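Quick caveat, the model's predicted, so the values are computed rather than measured. Within every chain, numbering begins at 1; the chains are lettered A, B, ... in the order of the sequence lines, protein sequences first and strands thereafter.
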Amino acid sequence: MSDTTTPSDTPAPSRHFIRQIIDRDLAEGKNDGRVITRFPPEPNGYLHIGHAKSICLNFGLAEEYGGQCHLRYDDTNPAAEEMEYVEAIERDVRWLGFDWGKHHYFASDYFEPFYRYAEELIQKGKAYVCTLSPEAFKEYRGVPTRPGKESPSRNRPPAESLDLFRRMRAGKFADGQYVLRAKIDMASPNLHMRDPVLYRIKRIHHHRTGEDWCIYPMYDFAHCISDAIEGITHSICTLEFEVHRPLYDWILEQISAPAHPQQIEFARLNLSYTVMSKRRLLQLVQEKHVAGWDDPRMPTICGMRRRGYPPEAIRTFCETIGVTKYDSMTEMELLEHCVRENLNKHALRRMAVLNPLRVVITNFPDTPAIDVKAVNNPEDTDAGTRTMAFTRELFIEREDFAEEPPPKFFRLAPGKSVRLRYAGFLTCERVEHDPATGDIAALHCRWDPPETKVKVKATIHWVSADQAREIEVRLYDRLFTVPDPMEVKDADFKRHLNPRSLSTVIARAEPALLDAAPGESFQFERTGYFCADMKDSRPGAPVFNQTAALKAVRAKKG
RNA sequence: UGCCGGAUGGUGUAAUGGUAGCACAGCAGACUCUGAAUCUGUUUGUCUAGGUUCGAAUCCUAGUCCGGCAACCA
């Protein structure tokens, strides 16, 4: 993919708090000046725009400081993890414009080291095999305001725990029968320090290690060690892991870890009019509220790709929103602004009429057609021009005509004139109604060539009725009707689903649009940005997804 | 009633003891063969109360409010 980002696309990077931490570390000579980050998705769902923020942060920081960013799958719980997701994640990260080079890892690659570190912990008396039932475990843990109780297993001699742990690995016990726990402090005000579970028994097929293991490490145990093994310097995660940091540090202090990375937390992205959790997105897919993970209405990376959002625009957005430590809700308008800003510069202009109204030119010259020259992109002279056939019968947008125009209506009305983009002027002489329905069936108009001096306040787009071809166009509105579908806890977010988030129309398009390559973006003049769908387009028969509408002042002013 | 974190216009952010700035959104205007884009102007802000200081968004104290934490999830 070409990098079309120009300096003006990208705001001057703010020295957000993570950059400041790294600057300070570098100044102090920490980590021998290395900056190694990682993006650690769990392969149990598709990536969304919130992940894009993390990807841009981690890969961006590595790039910026001449370091390295590892792509690592946090695949320590095989319950919902699948290779399908692994492949989708790679495609999405690459499409966003980032490259992990040879640094492509799986936490499951470290199952053996994890196990050895667990044994080390047991031998040091810092971990024990606990035989409490899950119910008892919960009760012993206590609540935030009350300390927990120590498990009877807590003082089990290391040798005995070691034996038990080895038998856990060997499959001698039932799922959930025993767990390995860290021996920390049952009275800690931080629940995560109350002898947290390190390993559990789960006989589940793992997407990479198959049936090799029946015990799997927990996130807290696996993540810090993975970071240490890979020599990560700055382990950047979201705010909810803040309370896990003492445990991250505790584990690395107890074992003979090769390094001790620094965990730094930032606020995850919230975007208005959508939801941002894999669980809820999965629900939308499974319950068929959308057509799949890559439905263009989804906030997933693949959905946005299909929608026609350029990766550069997403990266600009991620830089623009900044990085902080407090929860916020970013307005969808900002993302759309970044998308339009990019597409305005790069998308070729074409004409398509979404809701056609027939126009018959009463004084058309005695010729089948007149060739008119149209500019492909006024923002980019290199994009050249094209020729369009202007004919006696046209289609114009139904909303560009008003039989009884409201005040400040600039477009066509009985007796009024309007400019046709690149093709002279139209003056409405007669309105033809459908005798049965009374609907406007056609307009009979006088035409004046471009060189005529006609005073008009608007220019409208058009297509030749003979030459235009029918194309399927999908128009999108926001997925939800409210800015924060999750605002009311425990309520069903799906009740805010917008029933009109998708509408399909058959539009009339200028012939040049038929050649659109899947994934290619255009501006339909005066209408919006549209992208030829990558899945449903056929050669010569593209299907267009609306990427974003043009800002429509006319809606307000009549 | 516990612990951790946080609070700057409508929204997202910057300013790290020295003129509260930028972007989005809004509004108004200019320009325009896209009512787009572009350009110009503009409304709106430091959670509260004390304190330190010549000077506080920034430091201190107390309070208020918000978020996270009680999976053998990540």
Participant: Taking both distances under 3.5 Å as the test for a Watson-Crick or G-U pair, what stems of at least three pairs does RNA chain B have?
Facilitator: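 When the pairs of RNA chain B are grouped into runs of at least three, the stems are B:2-7 with B:64-69, B:10-13 with B:21-24, B:26-30 with B:38-42, B:47-51 with B:59-63.
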Participant: When we call it a touch if two heavy atoms are under 4.0 Å apart, what does A/Glu331 touch: a base, just sugar-phosphate, or nothing?
Facilitator: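 Base: the residue A/Glu331, judged by heavy atoms under 4.0 Å, touches a nucleobase.
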Participant: Name the closest nucleotide to the A/Leu334 side chain, picking from B/C24, B/A37, B/A71.
Facilitator: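 When the side chain of A/Leu334 is considered, B/C24 is the closest of B/C24, B/A37, B/A71.
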Participant: Hey, does A/Gln523 reach any base, or is it just sugar-phosphate, or nothing, if we go heavy atoms under 4.0 Å?
Facilitator: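 Counting heavy atoms under 4.0 Å across all strands, the contact made by A/Gln523 includes a base.
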Participant: Which parts of nucleotides 63-70 of chain B does protein reach within less than 4.0 Å, heavy atoms only, written one letter per nucleotide 5' to 3' as B for base, S for sugar-phosphate only and - for none?
Facilitator: ----SBSB
Participant: Taking the side chain of A/Pro450 as its heavy atoms from C-beta onward, which of B/C33, B/A25, B/C73 lies nearest to it?
Facilitator: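 Among B/C33, B/A25, B/C73, the one nearest the side chain of A/Pro450 is B/C33.
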Participant: Of all the choices, B/A74, B/G35, B/U13, which nucleotide is nearest to the side chain of A/Phe409 once you look at every atom?
Facilitator: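 Closest of the options to the side chain of A/Phe409: B/G35.
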Participant: When you measure from the side chain of A/Val197, which nucleotide among B/A74, B/C72, B/A14 comes out closest?
Facilitator: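 Comparing B/A74, B/C72, B/A14 against the side chain of A/Val197, the answer is B/C72.
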Participant: Is the phosphate of B/G12, meaning OP1 or OP2, less than 4.0 Å from a side-chain N or O of A/Tyr326?
Facilitator: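 Negative; the distance criterion is not met.
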Participant: Is B/A71 in the syn range, within 90° of 0, or in the anti range?
Facilitator: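 Classified syn.
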Participant: Salt bridge or not between A/Lys202 and A/Asp175? Use side-chain N to carboxylate O under 4.0 Å.
Facilitator: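 No salt bridge links A/Lys202 with A/Asp175.
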Participant: From B/C72, B/G35, B/A36, pick the nucleotide closest to the side chain of A/Leu550?
Facilitator: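 So the side chain of A/Leu550 is nearest to B/A36.
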